[in-house]
Student: 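Let me begin by handing over the structure; questions about it come next.
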Amino acid sequence: MRMGPFVWKVLGTGAAVGAGVLAKNVLAKAWEKGTGKTPPANPESATTTWGEAAAWAVVSGALIGLARMVATRQAARYYKKSSGHLPKGLEEVS
């Protein structure tokens, strides 16, 4: 299989989006189990407390970002194994 920029865009984007969606769903279930409430649908809303909004922003941002980064790194590892080189923009810098 020829591994070019289009393949990387599909592979990298798909991995990141999929991981983000999965992480958000898992996090929402954990939030519900831990707090007994659904996560704030709109943390910017005045009906959401500052503490709840800040906690959701910090936890969801960190965990979803981490999941996307891990998925993108794994996709890049697969790309390199298949093509013999890292995708453009992810080359190692010395």
Side-chain angles (χ1 to χ4, degrees):
M1 173 163 82
R2 185 171 169 268
M3 301 289 268
F6 178 75
V7 172
W8 170 245
K9 284 188 189 263
V10 171
L11 183 64
T13 301
V17 169
V21 169
L22 179 64
K24 185 176 180 183
N25 290 338
V26 169
L27 182 59
K29 290 189 186 328
W31 182 275
E32 287 177 24
K33 187 170 184 162
T35 66
K37 298 189 283 184
T38 59
N42 183 3
E44 294 87 9
S45 171
T47 61
T48 303
T49 67
W50 275 100
E52 188 175 51
W56 178 252
V58 169
V59 172
S60 65
L63 293 180
I64 292 170
L66 179 63
R68 292 181 64 188
M69 186 265 311
V70 169
T72 302
R73 287 177 59 108
Q74 288 301 109
R77 175 186 273 166
Y78 173 77
Y79 183 95
K80 183 178 181 181
K81 184 178 177 184
S82 300
S83 70
H85 59 86
L86 286 169
K88 184 175 181 173
L90 292 183
E91 299 92 359
E92 295 178 25
V93 178
S94 33

Student: Side chains of Y79 and L11, heavy atoms from C-beta outward: is any pair under 4.5 Å?
Tutor: yes
Student: Please report the interatomic distance CZ(R68) to OG1(T13), rounded to the nearest 0.5 Å.
Tutor: 9.0 Å
Student: To the nearest 0.5 Å, what is the distance between CG on L90 and OG1 on T72?
Tutor: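 One finds 8.0 Å between CG of L90 and OG1 of T72.
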Student: Might you point out which heavy atoms bring A19 and A71 nearest each other, and give the distance in Å?
Tutor: CB-CB, 3.5 Å
Student: Of the non-hydrogen atoms in P40 and T48, which two are nearest, and what is the gap between them?
Tutor: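 Scanning both residues completely, I find the closest heavy atoms to be CB-CG2, 3.9 Å.
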Student: Taking side chain as C-beta onward, heavy atoms only, is W31 less than 4.5 Å from E52?
Tutor: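 Side chain of W31 against side chain of E52, heavy atoms only: contact under 4.5 Å found.
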Student: Any chance you could measure K29, atom NZ, to K24, atom NZ, to the nearest 0.5 Å?
Tutor: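 The NZ atom of K24 is 12.5 Å from NZ of K29, to the nearest 0.5 Å.
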Student: Rounded to the nearest 0.5 Å, what separation is found between the OG1 atom of T49 and the CH2 atom of W56?
Tutor: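 The distance works out to 13.5 Å.
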Student: Are the side chains of E32 and P39 in touch, meaning some heavy atoms are under 4.5 Å apart?
Tutor: yes
Student: Looking only at non-hydrogen atoms, find the nearest pair between A75 and G12 and report the distance.
Tutor: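 Residues A75 and G12, closest heavy atoms: CB-CA, 4.4 Å.
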Student: Find out if a path of hydrophobic residues (ILVMFWY) with successive side-chain heavy-atom gaps under 4.5 Å connects W8 to V10.
Tutor: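 W8 does not cluster with V10.
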Student: Would you kindly confirm whether Y78 and V7 end up in one hydrophobic cluster when ILVMFWY residues are joined by side chain heavy atoms under 4.5 Å apart?
Tutor: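 Yes, one cluster joins them.
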Student: I'd like to know whether R77 forms a side-chain contact (heavy atoms from CB on, under 4.5 Å) with K80, so could you lay out the CA-CA distance, the side-chain angles of the two residues, the decisive distance to 0.1 Å, and finally the verdict.
Tutor: CA-CA 5 Å; R77 175 186 273 166; K80 183 178 181 181; 5.9 Å; no
